[in-house]
Amino acid sequence: MELNYAEIEAWCKQFWADQQVYKVPNTSVKPKYYVLDMFPYPSGAGLHVGHPLGYIASDIFARYKRMQGHEVLHPMGFDSFGLPAEQYAIQRGIHPEKATNENIARYRAQLDNIGFSYDWDRQVMTSDPSFYKWTQWIFRKLFLHWYDNTKMIARPIEELESIFSAEGNKKIDAAQSSCPAFSSDEWHAYSPKEKSDILMNYRLAYRKEAYVNWCEALGTVLANDEVKDGLSERGGYPVERKPMTQWFLRITAYAQRLLDDLKDVEYSDSMKIMQSNWIGRSTGAQVFFDIDGHNEKLEIYTTRADTIFGATFMVLAPEHDLVSTITTKDQKPSIDQYLVYVKSRSEVDRMSEVKEVTGAFTGAYAINPFNDEKIPIWIGEYVLKDYGTGAIMAVPADDARDMAFAKKFSIPIVEIIDKSMYPGATIEDKLGKMINSDFLNGMEVLDAIEEICVRLEQKGIGTKKINFKMRDANCSRQRYWGEPFPIIYDQDGIAHAMEEKDLPLVLPYLDDVKPVSGKAPLAKLHDWVNLPNGYTRETDTMPGFAGSSWYFLRYMDPHNQEAFAGKEAIQYWQDVDLYVGGTEHAVGHLLYSRFWHKFLFDLGYTFSKEPYKRLLNQGMMQGISESIYLKKEKENGKNVFVSRSMISKGDEDRFITLYVPIQYVQDYGSMKSYLDTEGIKKYITYFPDYTDAIFRTDQGDFTASQFSGEAKLYTQGELAKISKSLYNVINPDDVVAEYGADCLRLFEMFLGPLEQAKPWDTRSIDGVGKFLRRFWASFFNENGLSLSNEQATDEELKILHKGIKKITTDIERYSFNTCVSQCMIMLNELKAMNCNKRAIFEPMVKVLAPFAPFMSEFIWKELGYKTSIHKAEFPLVDEKYLIETSITYPISINGKKRGTADLPANATNQDLEKMALEMEMVKKWLDGSAPKKVIVVQGRMINIVI
RNA sequence: GCGGGUAUGGCGAAAUUGGCAGACGCGCCAGACUUAGGAUCUGGUCCUUCGGGAUGGGGGUUCGAGUCCCUCUACCCGCACCA
């Protein structure tokens, strides 16, 4: 029987659909296993061969677990809201909804071609009202809750109001924005608007004015991780800082728990480190300084309170509230000038410039509480408004940045730590003895930190404080294609949550979704914005991370109308056992979704502390790029391409490099990749601008039409990312059409370890193709099934069970490349002994089933089975076939292998030593003398030291 | 600058805890079958002065190091004035 991939795949797709092989219930008596992929943005470009890498790995694992008797939840959906989808829609002039639906259809077809075992009945789309109803519902809950730091739990906002009503806010320890203290009486005296403003400081979803990354070209605010090098990640437009009123999520309330609970999850160390650095916990002290001639106190945060006697100046962030109050008349002009300068500085300037110190003096002075010395107060760009208190005490002797500042503005430097006894210590190390520091003199730094904190608390001017680098998440986008906020404003501008029964608030249709500078597109819809009762709607929409922060819960029970997922389903599925995706979401998506999950856990809607038990990151699939050199200057009005072989080092800047579609290039990826006649023809057909160009090669100058024979235009090959602009994108559909889906799956796994970056090169795919053909040929001849029903020999069974064992352990440790190798080894060994026995090959098909689901399913049918192989039981290892009677031991002399010996497997160490010493080879080495030492490792090796 | 990672044939890589380095595959070479081969099959394929030498360089621990420690180099990723 001929192997025909297309027919097999078509048959299997139909069979799986008819039999509903991958359908899972919401609850079951079987043990559950949840295998999740990071769902994709359905971008217009479609999938390239890099995308399925993680999907294939997770699918193999899901299929394996399913065959082991688990109920496996393995869903897929689409992150269809957000900037990329909208940007794409704007570029193409198609409505985002239409574009999104088209893209999803394409993705779905591409995914189905690769044979994933998704339960498509559970597909979610973040842009579907039945989905975002619950995104809005969770946001509403966040708005209606605050975080109790004492109980470490989210609590309803009404409870906070009762506390305010009973005792004001002085006793309460809550996660909050800065808020002045008030008493119960004062609370009662406040107007509704004032009360609302105060509550905003406590809500987990709240509004505040903040400096944001404003991107004029996109007309919207971007998150820090959407900004790269001062440019927008999407489109590469400039980004500047601008104050705006925005919605925020108080993720900082959960900072400590997000940090602590990392110990309970299995992420890679680097992933955990990235997250904990992002959270950025530091222990320090909050200190209040008097300001000379003012009633206000200056509040600073420092991790080095011990250095207070070396604080020769203070620095405020330029945006600090006190700046306008304390600046003296004399200094006002220079401060104003500096503020103008700061405002003019875009992120681009700040990033691209070499660190240059800037600042200005306010004319005001703080008072050192311990020696009453006057400390000048400056403002400077290097102090950040949003970290700590936006103000520092600067200690030039013990901080590199303060030192640079002091030097630039000629501020005195007072040495306060003697590090002479620690020769290798740097300025950052907390080592040395205090000097010039009054009561701290002679103390070690770490002791001095303790001591100063005690003194500060005694004086009532400071306390120990823990700070986090992590900021609250900006949740507003001035965009169309996102979830509308379930928020309305009354005539006083007080924000109210919409009633639960009125959700979802459906995103209204808008013809022209282009942003209008400074205003969200939805603001154009007056009838939608202005409600009959005089209330108005929020016109911003939520960012991409909103839907993706909880989508994995919806998969558990995607059709539920009453809840984001039913209690029974959540109780059964609990959490994600294995989450597979790229590292690019290390700090964004992963932190947000952990935060949302913890919030829902606090409210009793979920039952596990963490959403993802185990995280696996697939490495980037790299491509090969090839480029050719075009002279910057034309010769006689003609473009001249020059062979890479004719360009000497250092000469490159006289040329522009242009990428060439790699399939035009001969030997692409090698050191001697080149364009031949055929390649040149294809190139000028694709880029007709160069029809008249000259191609300069070692064989002489040619026009495209003269180019022939031996002439080679050498190209420059490089390892690069896969990208449209590099003309090296390979569509998995094409690979599937040519080699079959199983071959693509096997090949992607065979390339190397999942977590490593690796280059794609279709040319080496035939290795696994050959394996599949050989595997197929083991079952069939031209007449059909050709297996024998003879009993298997022990030797054959040993090959089988050794393979099962290796593959089982390797799947468990996600080493899929070695699984494929082992399949090849098994087949090679069986072929070598001409085995074609059903007793061996039937279990082998099952082993291969997770990897090559199509071919194995088809063979299974041919073997006479009516139900899917993917519901069959994964073969178990029978150790009795693995028992060895003898082991080939390497015999080493002084650690160098000198020979081998077949020795009985059950021999004791003493026997082994004796047998080894009796060997001729060993006797020769010993030459009559006794060995110094003999090391015997059972089953491994024997080493004789002479 | 800080933090993390990687480095093994011409190429992708293997070597679970320190124990036979290069499994498996690509490519290449030779042969067989063939009208033909981008099909299939078989064999070979690190270097070597045949002692041995090789896992980016140098040093160390050990009977024994790709694996552990120190150090240097190169590349990749993340963060970027975090007080």
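By convention in this document, chain letters (A, B, ...) are assigned in the order of the sequence lines, proteins followed by strands, and residues within each chain are numbered from 1. Values in this document were obtained by computation on a predicted structure and should not be read as measured data.
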- Message: Using a heavy-atom cut-off of 4.0 Å across all strands, would you classify A:Val945 as base, sugar-phosphate, or nothing?
- Response: sugar-phosphate
- Taking atom C1' in both B:G18 and B:G3, what distance in whole Å separates the two? 29 Å
- Using the P atoms only, state how far B:G10 lies from B:G56, rounded to an integer number of Å. 13 Å
- Can a side chain N or O of A:Lys933 be found less than 4.0 Å away from OP1 or OP2 on B:C63? yes
- Name the nucleic acid region contacted by A:Asp386, choosing base, sugar-phosphate or nothing; use a 4.0 angstrom heavy-atom cut-off, strictly under. nothing
- Query: Among all residues two or more places apart in sequence or in another chain, which pass the salt bridge (Lys or Arg N to Asp or Glu O under 4.0 Å) test with A:Lys407?
  - Reply: none
- Distance in angstrom units between A:Arg763 CZ and B:C26 C1', rounded: 10 Å
- Message: Counting only side-chain heavy atoms from C-beta out, which of B:A39, B:G3, B:G19 sits nearest to A:Asp766?
- Response: B:A39
- Message: So A:Ser764, base contact, sugar-phosphate only, or nothing? Heavy-atom distance under 4.0 Å.
- Response: sugar-phosphate
- What distance separates A:Thr463 OG1 from A:Phe288 CZ, expressed to the nearest 0.5 Å? 6.5 Å
- Output yes when at least one side-chain N/O atom of A:Asn277 is less than 4.0 Å from OP1 or OP2 of B:A80, else no. no
- Find the distance A:Glu299:CD to B:A83:C1' and express it as a whole number of Å. 14 Å
- Consider the side chain of A:Ile935, meaning its heavy atoms from C-beta on, and name the nucleotide among B:A83, B:G19, B:U16 that approaches it most closely. B:G19
- Between C1' of B:G10 and CD1 of A:Ile624, the distance in whole Å: 14 Å
- Message: Starting the side chain at C-beta, find the nucleotide from B:G78, B:C24, B:A39 nearest to A:Arg773.
- Response: B:A39
- Query: For B:U34, what is the paired nucleotide under Watson-Crick or G-U wobble rules, both distances under 3.5 Å?
  - Reply: none
- So what's B:A83 paired with, Watson-Crick or G-U wobble, going by both distances under 3.5 Å? none
- If each of A:Val937 and A:Thr809 is mapped to the nucleotide of RNA chain B with the nearest heavy atom, which maps nearer the 5' terminus, i.e. the 5' end? A:Thr809
- Task: Using the C1' atom on both, measure B:G12 against B:A7 and round to a whole Å.
- Result: 15 Å
- Searching all strands shown, indicate the nucleotide that pairs with B:G66 (Watson-Crick or G-U wobble; both distances under 3.5 Å). none
- Item | Counterpart base for B:G18, defined by Watson-Crick or G-U wobble contacts under 3.5 Å | none
- Calculate the interatomic distance between A:Leu53 atom CG and B:G12 atom C1'; express it in whole Å. 14 Å
- Query: On a whole-Å scale, what distance lies between the P atoms belonging to B:G44 and B:C24?
  - Reply: 11 Å
- A:Asp402 side chain to A:Val395 main-chain N or O, any donor-acceptor pair under 3.5 Å? yes
- Message: Classify A:Asn817 by what it touches in the nucleic acid, base, sugar-phosphate, or nothing, heavy-atom distance under 4.0 Å.
- Response: sugar-phosphate
- Can you tell me how far P of B:A65 sits from CG of A:Asn894, to the nearest Å? 11 Å
- Query: When you compare B:U49 with B:A39, how far apart are their C1' atoms, in angstrom units rounded to a whole number?
  - Reply: 44 Å
- Message: Let's test this: given Watson-Crick or G-U wobble pairing with both distances under 3.5 Å, identify the partner of B:A39.
- Response: none
- Query: Could you state the CG-P distance from A:Leu751 to B:A14, rounded to the nearest angstrom?
  - Reply: 11 Å
- Starting at CG of A:Leu772 and ending at P of B:C26, how long is that distance when rounded to a whole Å? 13 Å
- Message: Closer than 4.0 angstrom, basic N to acidic O: yes or no for A:Asp766 and A:Lys770?
- Response: no
- Does B:G44 adopt a syn or an anti glycosidic conformation, taking syn as a chi angle within 90° of 0? anti
- Message: Side chain of A:Ile273, heavy atoms from C-beta onward: which of B:G3, B:C81, B:G78 has the nearest atom to it?
- Response: B:G3
- Message: Side chains of A:Ser673 and A:Thr715 only: does a donor on one sit below 3.5 Å from an acceptor on the other?
- Response: yes
- Would you please confirm or rule out a distance under 4.0 Å between OP1 or OP2 of B:A83 and any side-chain N or O of A:Ser282? yes
- Message: It should be established whether A:Lys806 places a side-chain nitrogen or oxygen under 4.0 Å from OP1 or OP2 of nucleotide B:A23.
- Response: no
- Query: Can you check whether A:Asp321 reaches A:Leu316 side chain to side chain, under 4.5 Å on heavy atoms?
  - Reply: no
- Task: Classify the angle between the aromatic ring planes of A:Trp378 and A:Phe409 as parallel (below 30°), tilted (30 to 60°) or perpendicular (above 60°).
- Result: tilted
- Message: Please pick, from B:G78, B:C20, B:A83, the nucleotide with the shortest atom-to-atom distance to any side-chain atom of A:Leu384.
- Response: B:A83
- Message: What is the separation between atom CD on A:Gln622 and atom P on B:C11, rounded to the nearest whole Å?
- Response: 15 Å
- Looking at A:Arg774, does any N or O in its side chain come under 4.0 Å of the phosphate oxygens OP1/OP2 on B:C41? yes
- Query: For atom P, what is the distance between B:G78 and B:U40, given to the nearest Å?
  - Reply: 41 Å
- Side-chain N or O of A:Tyr387 closer than 4.0 Å to phosphate OP1/OP2 of B:A83: yes
- Query: So does A:Glu319 pair up with A:Lys385, basic N to acidic O under 4.0 Å?
  - Reply: no
- Message: Should the side chain of A:Arg940 and the base of B:U17 be counted as holding a donor-acceptor pair, with the cut-off at 3.5 Å?
- Response: yes
- Message: Could you check whether any side-chain N or O of A:Asn617 sits under 3.5 Å from a backbone N or O of A:Leu754, counting only pairs where one atom can act as donor and the other as acceptor?
- Response: no
- Check whether any side-chain N or O of A:Arg304 sits under 4.0 Å from OP1 or OP2 of B:A83, and answer yes or no. no
- Task: Identify, between A:Asp402 and A:Arg898, the residue whose nearest nucleotide on RNA chain B lies closer to the 5' end.
- Result: A:Arg898
- Message: Please pick, from B:C24, B:A13, B:C79, the nucleotide with the shortest atom-to-atom distance to any side-chain atom of A:Phe750.
- Response: B:C24
- Sugar-phosphate, base or nothing in reach of A:Ile825, heavy atoms under 4.0 Å: sugar-phosphate
- Query: For A:Gln756 and B:A7, is the shortest distance between a side-chain N/O and OP1 or OP2 below 4.0 Å?
  - Reply: no
- Query: Using purine N1 to pyrimidine N3 plus N6-O4 or O6-N4 for Watson-Crick, or N1-O2 and O6-N3 for G-U wobble, both under 3.5 Å, which nucleotide pairs with B:U45?
  - Reply: B:G27
- Message: Parallel, tilted or perpendicular: which one describes the rings of A:His585 and A:His589, with boundaries at 30° and 60°?
- Response: perpendicular
- Note on the structure: In Watson-Crick or G-U wobble terms, with both distances under 3.5 Å, the base opposite B:G9 is none
- Query: Within the structure shown, what part of the strands sits under 4.0 Å from A:Lys770 by heavy-atom distance: base, sugar-phosphate, or nothing?
  - Reply: sugar-phosphate
- Task: Considering only atom C1', compute the distance from B:G4 to B:C50 and round it to an integer number of Å.
- Result: 45 Å
- Message: I want to verify the glycosidic state of B:G51; is it syn or anti under the 90° rule?
- Response: syn
- Message: In whole Å, measure the gap between the C1' atoms of B:A15 and B:A21 for me.
- Response: 7 Å
